[in-house]
Amino acid sequence: MKTARKTVVISEFIDASAVESLKSHFDVHADPALVDQPERLRELLRDADALIVRNRTQVTASLLDGAPKLVAVGRLGVGLDNIDLDACRARDVQVFPATGANARAVAEYVIATSLMLLRGAYLSSAAVANGQWPRTALSNGREVAGSTLAVIGFGGIGQLVAQLARGLGMRVVAFDPQLPADAACWHETGAQRMSFDDALRAADAVTLHVPLIDSTRNLLGAAQLSLLKTHAVVINTSRGGVVDESALADALKQGRIGGAALDVFADEPLKAASPLADAPHLILTPHIAGLTMQANERVSTLVAARVTQALLEGERDPAIAQGAST
Ligand code: NAD
């Protein structure tokens with residue numbers, strides 16, 4: 001007897017080709033508006049075998065309780081802070097992130113913003129178009145070659161950033177308490193392992209690539225910012241909450257650091273009343289470091305494939321679908 005087709009619910013944006021590929025095996029409800037329609041999402045999940053999300057859908061214990069058939073959650077990205085992993089584990093729901101698929105996009109963002117902030121010369125379009133000629137003011141930017149990049153969190157993205165930075169002639173130092181001194185990545189990337197404080201003191205640019213967990217909340221606060229050189233720039237593409245936004249705004253306003261680029265915020269979207277709103281030498285982007293045409297396609301294809309595999313294996317052997325969660 002033919003078994004009923006399984007159901008996949010997708011609550012945020014996904015590449016169209018990945019939806020088509022899922023549709024060849026499953027019934028698919030893909031609607032990026034679902035993330036803002038919690039009642040409709042809950043209704044669809046009552047019968048769903050898999051849920052695919054980006055970073056806005058909160059996969060809580062309560063949401064999972066309303067989805068008794070769910071065996072897989074696909075995450076169109078890397079950070080898992082919007083997914084209650086313990087609750088998934090307790091319910092034998094496997095979680096599939098798109099590990100590595102958007103690393104290149106993030107790494108290029110870090111390099112681009114490092115170049116922009118250290119040179120400080122690319123925001124003069126309006127002045128030049130108005131007939132001003134701020135040549136003297138913009139003559140003193142820094143080259144990245146020979147500058148030191150401190151990478152905080154030396155996982156997949158941190159290591160790729162290090163490789164690109166080394167290609168530009170930067171010296172790379174890195175801090176990651178979970179990587180032993182003899183880990184292969186140190187000599188593979190040419191990065192120098194350092195303590196957190198020493199890496200901050202050495203840096204012309206600091207880039208953060210840690211997960212948001214208890215030990216990384218406000219990792220870069222007033223005390224740590226005070227260790228930076230006055231021209232040093234800070235780039236955060238990891239998660240809001242890792243950088244203390246008020247302390248960073250103060251440091252920028254008081255000229256205690258050279259600049260910053262933030263792609264992620266404690267509260268997204270950023271509120272107009274944020275202390276960052278009128279801070280100078282600051283590049284703000286709306287959580288897009290990992291989003292490019294190519295990364296979107298890679299992320300969607302990878303997650304669709306992993307969810308498909310989990311559901312099809314579960315059909316062949318129901319015990320497999322109840323396997324280890326990640
Ligand atoms: P990863 O798991 O490969 O690496 C994270 C590293 O952080 C690990 O090596 C871990 O040992 C280290 N770490 C943990 N606690 C630390 C601490 N207290 N101090 C220093 N290092 C610590 O993760 P990844 O794929 O490199 O992603 C890094 C971050 O980037 C994640 O937070 C992810 O959510 C974020 N991200 C953001 C975007 C975006 O669009 N802005 C896109 C992709 C990933």
Side-chain angles (χ1 to χ4, degrees), residues 12-13 53-57 59 75-83 85 95-113 149-165 172-181 183-186 188-189 191 193-200 203 206-221 223-224 227 234-244 260-266 268-270 283-296 298-300 302-303 326:
E12 297 181 63
F13 165 77
V53 302
R54 278 190 181 272
N55 65 334
R56 291 185 56 226
T57 308
V59 183
R75 163 72 173 96
L76 297 160
V78 182
L80 297 176
D81 37 289
N82 59 318
I83 298 175
L85 295 177
V95 177
F96 298 108
T99 306
N102 59 8
R104 182 85 197 187
V106 179
E108 288 192 9
Y109 175 105
V110 173
I111 296 299
T113 49
L149 177 68
V151 181
I152 310 302
F154 208 51
I157 297 175
Q159 289 178 38
L160 186 54
V161 169
Q163 280 168 17
L164 299 186
V172 178
V173 302
F175 167 67
D176 192 318
Q178 288 167 33
L179 286 178
C185 61
W186 299 116
E188 277 170 11
T189 60
R193 186 169 178 262
M194 276 195 181
S195 73
F196 187 33
D197 287 2
D198 284 349
L200 295 179
V206 179
T207 183
L208 296 145
H209 301 289
V210 296
L212 178 63
I213 47 178
D214 286 344
S215 60
T216 61
R217 200 170 286 281
N218 287 329
L219 186 67
L220 201 69
Q224 292 72 32
L227 300 176
V234 171
I235 299 155
N236 186 20
T237 57
S238 64
R239 278 293 177 266
V242 171
V243 174
D244 178 335
L262 299 179
D263 184 53
V264 288
F265 306 91
E268 297 180 4
L270 186 68
I283 296 171
L284 301 175
T285 51
H287 203 145
I288 47 74
L291 300 180
T292 58
M293 238 164 54
Q294 295 92 333
N296 293 343
R298 283 193 302 267
V299 162
S300 298
L302 176 64
V303 171
T326 50

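What you see is a predicted model; the values in this text were computed from it and never measured. Residue numbers run from 1 in the order of the sequence given. In each ligand, atom 1 is the first atom listed, and ligand 1 is the first ligand listed.
- Close contacts of ligand 1 with Ala289, meaning ligand atoms under 4.0 Å from a residue heavy atom, involve 40 (O), 41 (N).
- Contact check for Leu76 versus Ser300: side-chain heavy atoms found under the 4.5 Å cut-off.
- Looking at atom 12 (C) of ligand 1, its nearest protein heavy atom turns out to be Asp176 OD2, 3.2 Å.
- When side chains are defined from C-beta on, Arg56 does not count as touching Asn82, because their heavy atoms never get closer than 4.5 Å.
- The protein non-hydrogen atom at the shortest distance from atom 4 (O) of ligand 1 is Gly155 CA, 3.3 Å.
- Side chain of Gln159 to backbone of Phe154: a donor-acceptor contact under 3.5 angstrom is found.
- Arg239 has its side chain out of reach of Thr216: every pair of non-hydrogen atoms, C-beta onward, lies at least 4.5 Å apart.
- At the shortest separation from atom 3 (O) of ligand 1 among protein heavy atoms lies Gly156 N, 2.9 Å.
- Counting only heavy atoms of the protein, atom 20 (C) of ligand 1 lies nearest to Pro177 CD, 3.3 Å.
- For atom 32 (O) of ligand 1, the nearest protein heavy atom lies closer than 4.0 Å.
- Using a 4.0 Å cut-off to heavy atoms of Gln178, the atoms of ligand 1 that qualify are 10 (C), 11 (O), 14 (C), 15 (N).
- Listed for the Arg75 side chain is a donor-acceptor partner under 3.5 Å among the backbone atoms of Gly79.
- Ligand 1 places these atoms under 4.0 Å from at least one heavy atom of His287: 39 (C), 40 (O), 41 (N).
- When only modelled atom types and interatomic distance are considered, Asp263 and Thr285 share a side-chain donor-acceptor pair under 3.5 Å.
- Of all the heavy atoms of Leu291, none lies under 4.0 Å from any atom of ligand 1, so neither backbone nor side chain is involved.
- Among Leu262, Thr285, Thr237, the residue whose heavy atom sits closest to atom 38 (C) of ligand 1 is Thr237.
- Considering backbone and side-chain N/O atoms, Arg239 comes within less than 3.5 Å of an N/O atom of ligand 1.
- With ligand atoms numbered from 1 in the order given, ligand 1 contributes 42 (C), 43 (C) to contacts under 4.0 Å with heavy atoms of Asn102.
- The shortest distance between side-chain heavy atoms of Ile152 and Leu219 falls below 4.5 Å.
- Heavy atoms of Pro211 come nearer than 4.0 angstrom to ligand 1 in at least one pair.
- Side-chain contact between Phe175 and Leu200 is absent, with no heavy-atom pair separated by less than 4.5 Å.
- Side-chain contact between Arg217 and Leu212: present, with at least one pair of heavy atoms (C-beta onward) separated by less than 4.5 Å.
- With hydrogens left out, the protein atom closest to atom 35 (C) of ligand 1 is Ser238 O, 3.4 Å, a heavy atom.
- Nearest residue to atom 29 (C) of ligand 1 from Val78, Thr99, Val110, Val210 is Val210 (criterion: closest heavy atom).
- In summary, the atoms of ligand 1 found under 4.0 Å from a heavy atom of Ile157, numbered by their order in the structure, are 24 (P), 25 (O), 26 (O), 27 (O), 30 (O), 43 (C), 44 (C).
- Per-residue contacts place Gly290 under 4.0 angstrom from the following atoms of ligand 1 (heavy atoms of the residue considered): 39 (C), 40 (O).
- Protein heavy atoms are absent from the space less than 4.0 angstrom from atom 23 (O) of ligand 1.
- Contacts with ligand 1 closer than 4.0 Å are made by no heavy atom of Phe196, backbone or side chain.
- For the pair Glu12 (side chain) and Thr57 (backbone), a donor-acceptor distance under 3.5 Å is present.
- Residues Val242 and Leu220 have side chains not in contact (no heavy-atom distance under 4.5 Å, counting atoms from C-beta outward).
- Counting the atoms of ligand 1 from 1 in the order shown, those under 4.0 Å from a heavy atom of Val106 are 38 (C), 42 (C), 43 (C).
- Between Leu179 and Trp186, the closest side-chain pair of non-hydrogen atoms falls below 4.5 Å.
- Scanning the protein for heavy atoms near atom 5 (C) of ligand 1, the closest one is His209 O, 3.4 Å.
- Counting heavy atoms under 4.0 Å from ligand 1, residue Asp263 touches it through the side chain alone.
- Distance alone, capped at 3.5 Å, is enough to place a donor-acceptor pair between the Gln224 side chain and the Gly221 backbone.
- Nearest non-hydrogen protein atom to atom 18 (N) of ligand 1 is Thr216 CG2, 3.5 Å.
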